[in-house]
There are 2 protein chains.
Amino acid sequence: MTREHPGNPVVLTPAAREVLRGFSRNSAAGFAPGADANLGACPVRDVLARVGDKWSLLILVALSEQPRRFSALQREVGDISKRMLTQSLRMLERDGLVSRQVFPTKPPSVEYALTSLGEAALVPVAGLLHWASGAHEQIRAARAAYDALEG
Amino acid sequence: MTREHPGNPVVLTPAAREVLRGFSRNSAAGFAPGADANLGACPVRDVLARVGDKWSLLILVALSEQPRRFSALQREVGDISKRMLTQSLRMLERDGLVSRQVFPTKPPSVEYALTSLGEAALVPVAGLLHWASGAHEQIRAARAAYDALEG
DNA sequence: GCCAATAGGTCTAGATATGAGACCATATCG
DNA sequence: CGATATGGTCTCATATCTAGACCTATTGGC
């Protein structure tokens with residue numbers, strides 16, 4: 001874990017830097033304390049609210065191959081409770097990332113599928129996961145080192 | 001929000017699909033109930049635990065321009081409590097994404113900076129944010145539509 | 001000399017989110 | 001007649017987060 005010298009970015013591309021710079025001051029800094037009314041309208045916060053939802057990304061990934069029914073989705077994700085699955089799906093549906101279709105079987109079955117917006121979201125998500133699988137070894141090593149020192 | 005026909009992906013590139021396919025069955029499916037001991041070792045879960053930490057990404061972005069001290073970081077992020085800032089920074093440090101350096105001023109000041117691993121993480125994160133800012137309008141529209149129908 | 005301020009935290013209490021699992025409706029199968 | 005399947009909802013116990021008081025040590029102002 002070498003420390004970068006400020007102003008000497010080795011890894012981040014100029015383009016990526018540009019994107020980040022746009023977000024950096026998007027919230028915070030310069031508000032009177034308590035006047036944060038517009039944090040909710042900030043796109044970054046908005047995504048992070050969805051991404052930071054622990055289950056949402058997992059659900060999107062589970063739907064990436066094919067549409068799935070509620071119970072299949074629960075099996076696929078593995079350790080999500082019905083409660084949270086329902087709740088997360090509702091949010092994803094509300095945000096237009098996932099569609100919900102009820103089939104009038106008895107008992108009725110419900111199929112969830114990605115919308116085109118949901119498919120589009122998976123592109124950057126795939127990038128993230130791809131990075132993750134590559135970095136996982138390094139992260140595990142860093143953790144081991146940290147734990148050895150600081151308990 | 002058009003619904004995609006299964007097997008007819010318009011948006012997701014073959015490469016991205018490949019990545020996702022690798023993760024899709026990574027957990028769940030096929031375990032006896034309660035035998036999910038290895039979910040913790042799964043790279044996807046690992047990233048999502050960090051990404052899903054609401055604050056971690058925000059902190060990484062706040063550090064993307066330059067190293068910052070604790071209190072500067074708190075101002076930059078805007079609405080994070082000291083408690084969560086400390087906690088998130090510890091995790092990021094443990095995972096090797098952020099470095100922590102104490103300067104022996106009085107009172108001592110502490111500077112946090114991205115490691116090279118942290119810089120690398122920002123590449124896919126920037127991709128995500130970039131997508132987010134483009135999709136934000138669509139998401140807001142979808143929300144409005146949903147709320148109009150389903151209250 | 002004394003009091004306030006500063007930096008970076010920690011600790012505690014009250015609010016909020018989550019997880020496990022019981023419960024529901026309804027029709028079909030044995 | 002009773003068990004089963006599907007997609008939820010509801011309740012309660014637990015985990016996590018927020019707000020904010022408090023702590024350490026030193027320095028600057030008066």
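Numbered from 1 within each chain, the chains take letters A, B, ... in sequence-line order.
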Query raised in the report: If you check every side-chain atom of A:Lys82, which of C:dA27, C:dA20, D:dT9 has the closest atom?
Result: D:dT9
Query - Among D:dT6, C:dA7, D:dT26, the nucleotide that comes nearest once only the side chain of A:Ser109 is considered - result: D:dT6
Query raised in the report: Distance check: side-chain N/O of B:Lys54 vs OP1/OP2 of D:dT18, anything under 4.0 Å?
Result: yes
Query raised in the report: Ignoring hydrogens and geometry, is there a side-chain-to-backbone donor-acceptor pair from A:Arg50 to A:Leu92 under 3.5 Å?
Result: no
Report task. Please state how far atom CD in A:Gln101 lies from atom C1' in D:dT6, giving the value in whole angstrom units. Result -> 16 Å
Query raised in the report: Between C:dA7 and B:Tyr112, is there an OP1 or OP2 to side-chain N/O distance shorter than 4.0 Å?
Result: no
Query raised in the report: Would A:Tyr146 and B:Glu93 count as a side chain to side chain contact (heavy atoms under 4.5 Å, CB included) if you check the C-alpha gap in whole Å, the side-chain angles of each, and the deciding distance to 0.1 Å?
Result: CA-CA 8 Å; A:Tyr146 183 96; B:Glu93 190 194 356; 3.8 Å; yes
Query raised in the report: How many Å lie between CD1 on A:Ile80 and P on C:dA20, as a whole number?
Result: 11 Å
Requested in this report: Nearest whole angstrom, please: distance from the C1' of C:dA17 to the CG of A:Asp53.
Outcome: 11 Å
**Report entry** Under 4.0 angstrom between A:Lys106 side-chain N/O and C:dC29 OP1 or OP2
**Finding:** no
Query raised in the report: Is B:Arg100 near enough to C:dG8 that one of its side-chain N or O atoms lies under 4.0 angstrom from OP1 or OP2?
Result: no
Requested in this report: For A:Leu89 and A:Phe70, run side chain to side chain contact (heavy atoms under 4.5 Å, CB included): C-alpha distance rounded to whole Å, both residues' side-chain angles, the deciding distance at 0.1 Å, then the answer.
Outcome: CA-CA 9 Å; A:Leu89 282 170; A:Phe70 187 87; 4.0 Å; yes
**Report entry** Among A:Arg83, A:Met84, A:Lys82, the one residue meeting side-chain contact (heavy atoms from CB on, under 4.5 Å) with A:Ile80
**Finding:** A:Met84
Query raised in the report: Looking at B:Trp55, does any N or O in its side chain come under 4.0 Å of the phosphate oxygens OP1/OP2 on D:dT18?
Result: yes
Query raised in the report: Which nucleotide in the list D:dA25, D:dT6, C:dG19 gets nearest to the side chain of A:Pro107?
Result: D:dT6
Query raised in the report: To the nearest angstrom, how far is A:Phe103 atom CZ from C:dT26 atom P?
Result: 22 Å
Query raised in the report: Taking CG from A:Leu73 and P from D:dT6, how many angstroms apart are they, rounded to a whole number?
Result: 14 Å
**Report entry** Side chain of B:Phe70 - closest among D:dG8, C:dG9, D:dT18
**Finding:** C:dG9
Query raised in the report: D:dA15 C1' sits how many Å from B:Arg83 CZ, rounded?
Result: 11 Å
Query raised in the report: Atom CE of B:Met84 and atom C1' of C:dT16: how far apart are they, to the nearest Å?
Result: 13 Å
Query raised in the report: B:Ser88 and side-chain contact (heavy atoms from CB on, under 4.5 Å): which partner among B:Val77, B:Asp53, B:Leu58, B:Val98?
Result: B:Asp53
Query - Nearest-angstrom distance from the residue atom CD of A:Gln87 to C1' of D:dG8 - result: 13 Å
Requested in this report: Just call it for A:Arg69: base, sugar-phosphate, or nothing, with non-hydrogen atoms closer than 4.0 Å on any strand.
Outcome: sugar-phosphate
